[in-house]
Amino acid sequence: MKAAVMRSYHAPLDLEDVRIDEPGPGEVLLKTAASGICHSDLHVIESALPVPPPCVLGHEPAGVVEAVGAGVTDFAPGDHVIGCLTSWCGVCKFCTHGRPYLCPSQFAGRPPGTNPRLSTPSGDAIGQFANLSSFAEKMLCPERSLVKIRDDMPLDRACLIGCGVTTGLGAALNTVNMPAGASVVVIGCGGVGLSAIQGARIRGAGKIIAVDAQSWKFDLASKCGATDCIDATDGDAVAAVQGLTGGGADFVFECIGLVPTVQQGIAMTGRGGTTVLVGVVPITEMVPISAADLTLQEKKVTGSYMGSNRFRFDMPKYIDFYLDGRLLLDEMISSKIGLDDVNHAFDLMRKGEAARQVIVFD
Ligand SMILES: NC(=O)c1ccc[n+]([C@@H]2O[C@H](COP(=O)([O-])OP(=O)(O)OC[C@H]3O[C@@H](n4cnc5c(N)ncnc54)[C@H](O)[C@@H]3O)[C@@H](O)[C@H]2O)c1
Ligand SMILES: [Zn+2]
Ligand SMILES: [Zn+2]
């Protein structure tokens, strides 16, 4: 099958012929229908996340089941599914306490000593990203990385729910307890930020202020539910938020992953408010914050990982939200491309010139 392989950091992905194994126990073989491109894939290419080459990237997929391995009972050939990187074990303290997205076993691949799931035609192992690797015509995944979805859901939109939508919606719906009417700021209007805006709208937030450096994204942010938009390149965005909210917002979602915008996010948060770090700051970087802001103003700072999801429960619900008109997905897709165009898609993402780009397979 054809797949886009990361052979080294800071370089274009290679389009290669890759061998995919038969499904083993508990595994499902999929024909990939579509894969969104998330900024976390670009973080890996730019070595901001510790995933070694060679590796097939891509972690926002939808597909159709082709075959199942021994013991698989939840899926059958022909099922439509979404893949999610937060695979879970079901028995650890995180899984049994209702936070399966924190399961420490989520990136464990096949046991040592078994065949790799992906390899070159001559048999050299190729890494699989997050048990998914969706920049490929087929995928071989643990069944606990997948959820079955309604057949009437178009797969080229369903894929967005696999990462960006679940991350942004879940940050607003699951990670924090946001009361109706709360004032909200979302910094960064990519796939994740636009989904956080929609989560705030679905939750019944009051003001929803979108901040981005690309003002062309504001039409889209407004459609998603933003009541106000601030151009980060035009004046003091912190002062603008403080003006609109009377001193700072109840919830600020940082959806970029840069040290200065995390600091801005904390400054935009009002007394007693919560800053939610959704964007992934490169793992080698630290963020200096004023401890006195936290103590004397009782600001809270929290991370949000993959929308604090229980994806077998959340994703079918998000599909219902789409099909009944409450969740916009079509509008978030700036282009549908073939796998051959994946490197161009990363160029557009680097420049902030795309919303969500989706790879569609034949
Ligand atoms: N927490 C999680 O579990 C999780 C899951 C998925 C993605 N992420 C992270 O979320 C972040 C966003 O992902 P995405 O796919 O939406 O990215 P994206 O590239 O599509 O969007 C980023 C947005 O930020 C804007 N931007 C960039 N620099 C800016 C600046 N200095 N000021 C204002 N706006 C600026 C860009 O114009 C763009 O609209 C990434 O860091 C990604 O790794 C986190
Ligand atoms: Zn992602
Ligand atoms: Zn677990």
Side-chain angles (χ1 to χ4, degrees), residues 35-46 48-49 57-61 83-108 129-130 132 134 144 159-171 174-175 185-197 210-218 220-221 229-234 237 253-265 276-283 302-309 332-334 345-346 348-357:
S35 173
I37 301 178
C38 172
H39 206 115
S40 300
D41 295 304
L42 184 55
H43 283 325
V44 174
I45 295 171
E46 294 180 339
L49 286 172
L57 300 182
H59 64 280
E60 196 174 80
C84 181
L85 59 76
T86 51
S87 203
W88 82 99
C89 79
V91 294
C92 74
K93 79 170 181 184
F94 300 99
C95 287
T96 51
H97 283 198
R99 302 171 88 190
Y101 60 97
L102 295 178
C103 179
S105 74
Q106 62 190 263
F107 290 139
F129 183 33
L132 296 169
S134 58
R144 286 179 174 177
C159 65
L160 298 188
I161 293 173
C163 179
V165 167
T166 288
T167 297
L169 271 188
N174 296 335
T175 308
V185 174
V186 175
I187 311 176
C189 301
V192 173
L194 292 170
S195 301
I197 290 170
V211 182
D212 203 287
Q214 303 272 339
S215 55
W216 68 268
K217 294 205 164 152
F218 293 153
L220 193 47
C229 297
I230 295 175
D231 183 344
T233 65
D234 181 19
F253 298 88
E254 198 280 354
C255 298
I256 304 173
L258 296 173
V259 173
T261 46
V262 170
Q263 291 178 300
Q264 280 178 356
V276 186
L277 274 51
V278 185
V280 177
V281 175
I283 51 164
T302 181
S304 176
Y305 178 56
M306 289 300 291
S308 310
N309 77 74
M332 282 174 46
I333 299 174
S334 51
F346 282 119
L348 292 179
M349 181 180 275
R350 279 189 193 93
K351 291 187 268 180
E353 287 178 4
R356 220 33 161 198
Q357 304 177 87

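Ligands are counted one by one from 1 in listed order, and the atoms in each one are counted from 1 as well.
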- Query: Among the heavy atoms of Gly191, does any lie under 4.0 Å from an atom of ligand 1?
  - Reply: yes
- Message: Heavy-atom contact check, 4.0 Å cutoff: does Ile256 meet ligand 1?
- Response: yes
Is the contact between [X] and ligand 1 made by the side chain, the backbone, both, or neither, using heavy atoms and a 4.0 Å cut-off?
{"X": "Ala232", "result": "side chain"}
{"X": "Ser304", "result": "backbone"}
{"X": "Leu258", "result": "side chain"}
{"X": "Cys255", "result": "backbone"}

- Message: Using a 4.0 Å cut-off to any heavy atom of Met349, which atoms of ligand 1 qualify?
- Response: 19 (O)
- Atoms of ligand 1 close to Arg356 [distance to a heavy atom under 4.0 angstrom, numbered from 1]: 14 (P), 15 (O), 16 (O)
Given [options], which has its nearest heavy atom closest to [atom]?
{"atom": "atom 44 (C) of ligand 1", "options": "Asn309, Val278, Ile230", "value": "Val278"}
{"atom": "atom 8 (N) of ligand 1", "options": "Ser308, Ser40, Ala355, Gly307", "value": "Ser40"}
{"atom": "atom 5 (C) of ligand 1", "options": "Thr261, Thr167, Val192", "value": "Thr167"}

- Quick one: which of Ile37, Val44, Leu42 gives a side-chain contact (heavy atoms from CB on, under 4.5 Å) with Leu57? Val44
- Task: Find out whether Cys159 and Ser35 are in side-chain contact, i.e. whether some heavy atom of one side chain is under 4.5 Å from a heavy atom of the other.
- Result: no
- Task: Could you label the plane-to-plane angle of the Tyr101 and Tyr305 rings as parallel, tilted or perpendicular, counting under 30° as parallel and over 60° as perpendicular?
- Result: tilted
- Message: Among all protein heavy atoms in this structure, tell me which lies nearest to atom 18 (P) of ligand 1, with the distance rounded to 0.1 Å.
- Response: His39 ND1, 3.6 Å
- Query: Is the distance between the Zn ion (ligand 2) and the nearest N/O/S atom of Cys163 smaller than 2.8 Å?
  - Reply: yes
